[in-house]
Amino acid sequence: MFMRIKIYQIDRSRDERRLRFCDYQAAQAKGGVRASEYKCVFHGYVADGDLEDVYESFNTGFHGTYQGHSLSPSDLVEVCEGNEETAPGVYFCDRFGFAGLPEDFSTDACAPMEGLRVLMIEPNCPPVETRVRDRLNDWQRAVSEAGEESLMEVTYPYADDGVVIVGDEEAKLKNRTGNRYIGASVYAGTIFLVGDNGDGNFCDLTDEQVETYSNLFAEPEEILDEEVQATLEFPFFTMM
């Protein structure tokens with residue numbers, strides 16, 4: 001099971017009240033939490049748990065698409081799809097634990113993540129729309145398992161629709177979890193659908209593409225490890 005969350009951090013260029021890294025009491029004393037001072041630094045699924053698990057995950061290690069610093073006081077965690085332990089809502093990271101913000105608090109005024117508009121598809125999860133900075137090292141981290149740089153691979157099953165798939169070239173060698181069947185191929189690990197402008201460069205997905213592929217991959221697929229390994233191809237070398 002997974003939770004879908006967004007994480008927001010105060011944008012330095014908007015921090016006129018000097019609230020970055022301050023606790024909830026200090027924020028309240030200076031006029032309260034204002035969405036307009038924040039920007040989104042993550043949108044995706046995390047393993048089922050509670051807010052303390054989220055804190056530990058983003059304080060000690062980073063998801064591949066994470067664009068922020070270690071989760072700290074003044075940061076916001078928006079639970080978009082919760083669970084029995086954590087209800088949907090926006091939570092302020094305090095010195096100790098989290099403070100729930102009022103139900104009518106909206107993150108609409110927060111600045112968006114940086115980068116290209118993509119669909120991130122993780123094993124056992126529906127697609128989620130997010131953004132990846134269009135730089136090689138950012139793509140390498142995005143396709144990784146724990147934020148390490150990985151070998152990025154681009155494949156073209158939807159090239160006629162102006163969409164390509166970016167994944168980890170060594171996902172199967174690393175025993176990454178099976179993700180989706182696409183044509184006759186099994187994809188493992190996290191993959192991204194991104195636009196292809198026809199000149200060898202990536203571009204934003206369109207609204208239509210986001211809708212089409214969100215529907216196409218809406219249902220996660222259960223793929224056994226044996227099925228993933230059965231499609232693993234090893235190069236052959238001739239000894240001279």
Side-chain angles (χ1 to χ4, degrees), residues 1-5 42-49 53 57 61-66 81 83 116-132 134-196 198 200-202 205 209-240:
M1 298 295 293
F2 296 86
M3 290 196 304
R4 183 167 62 86
I5 67 169
F42 177 76
H43 182 203
Y45 287 94
V46 295
D48 195 23
D53 294 320
S57 177
F62 296 147
H63 189 286
T65 58
Y66 189 52
E81 296 176 18
N83 55 26
L116 296 177
R117 184 188 190 189
V118 302
L119 276 182
M120 178 170 62
I121 305 176
E122 298 181 278
N124 304 312
C125 295
V128 60
E129 181 183 333
T130 188
R131 290 184 176 270
V132 177
D134 194 20
R135 302 184 299 220
L136 178 59
N137 61 336
D138 283 280
W139 280 110
Q140 290 173 328
R141 285 195 297 270
V143 300
S144 71
E145 189 167 21
E148 76 282 2
E149 290 190 0
S150 299
L151 291 177
M152 166 188 164
E153 179 181 45
V154 182
T155 53
Y156 303 86
Y158 305 114
D160 291 344
D161 196 27
V163 175
V164 298
I165 296 177
V166 181
D168 182 351
E169 183 178 340
E170 298 181 321
K172 296 175 185 178
L173 287 173
K174 297 175 181 176
N175 296 315
R176 301 281 297 276
T177 302
N179 190 337
R180 297 294 198 279
Y181 276 103
I182 300 177
S185 301
V186 173
Y187 283 72
T190 301
I191 60 174
F192 294 84
L193 272 65
V194 62
D196 180 1
N201 295 310
F202 297 151
L205 292 176
Q209 289 168 337
V210 168
E211 181 179 5
T212 296
Y213 291 98
S214 293
N215 292 332
L216 181 63
F217 294 106
E219 294 297 327
E221 298 181 49
E222 185 175 347
I223 302 175
L224 300 176
D225 291 342
E226 292 82 355
E227 296 177 80
V228 176
Q229 293 304 309
T231 64
L232 183 58
E233 297 180 359
F234 293 94
F236 291 90
F237 298 94
T238 302
M239 301 297 293
M240 300 297 293

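One is the number of the first residue; the rest follow in order along the sequence. Basis for what follows: all heavy atoms, side chains included, without hydrogens, waters or symmetry-related copies.
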For this session: Could you check V118 against F202 for side chain to side chain contact (heavy atoms under 4.5 Å, CB included), going step by step and ending with a plain yes or no?
Result: CA-CA 10 Å; V118 302; F202 297 151; over 6 Å; no
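Taking 4.5 Å as the limit, some side-chain heavy atom of D48 sits within range of a side-chain heavy atom of M3. By the 4.5 Å heavy-atom criterion applied to side chains, R176 and T190 are counted as neighbours. At a threshold of 4.5 Å between non-hydrogen side-chain atoms, the residues W139 and V194 count as touching. Residues Q229 and N175 have side chains in contact (heavy-atom distance under 4.5 Å, counting atoms from C-beta outward). Side chains of Y45 and M120 form no contact here, defined as non-hydrogen atoms less than 4.5 Å apart. Between F42 and T130 the shortest side-chain heavy-atom distance does not fall below 4.5 Å.
Between R180 and E221, the closest heavy-atom pair is CD-OE2, 3.5 Å. Here the closest non-hydrogen pair linking A188 and A171 is O-CB, 3.4 Å. Across all their heavy atoms, S144 and G64 have their closest contact at OG-CA, 4.3 Å. Residues P126 and P220 come closest through the heavy atom pair N-CG, 4.0 Å.
Under a 3.5 Å cut-off, the side chain of N179 and the backbone N or O of I121 do form a donor-acceptor pair. In this structure, N124 contributes its side chain and E222 its backbone to no donor-acceptor pair below 3.5 Å. S214 places no side-chain N or O within 3.5 Å of a backbone atom of E211 that could act as its donor or acceptor partner.
Here the options are K174, R141, E169, the test is side chain to side chain donor-acceptor pair (under 3.5 Å), and the partner is S150; only K174 passes.
Atom CD of E227 is separated from atom OH of Y181 by 3.5 Å, given to the nearest 0.5 angstrom. Considering CG of L205 and CZ of R131, their distance stands at 10.0 Å, rounded to 0.5 Å. In this structure, CD1 in I191 is found 6.0 Å from CZ in F217, a value given to the nearest 0.5 Å. Here M152 contributes atom CE and E170 contributes atom CD; the two are 14.5 Å apart, rounded to the nearest 0.5 Å. Atom CG of D196 and atom CG of N201 lie 8.5 Å apart (nearest 0.5 Å). Here OG1 of T212 is found 11.0 Å from CG of L193. Values are rounded to the nearest 0.5 Å.
For the 3.5 Å distance criterion, the side chains of D161 and Y213 qualify, holding a donor opposite an acceptor.
Applying the 6.0 Å contact sphere to CG of N215 captures more than 12 heavy atoms from other residues, nucleotides or ligands.
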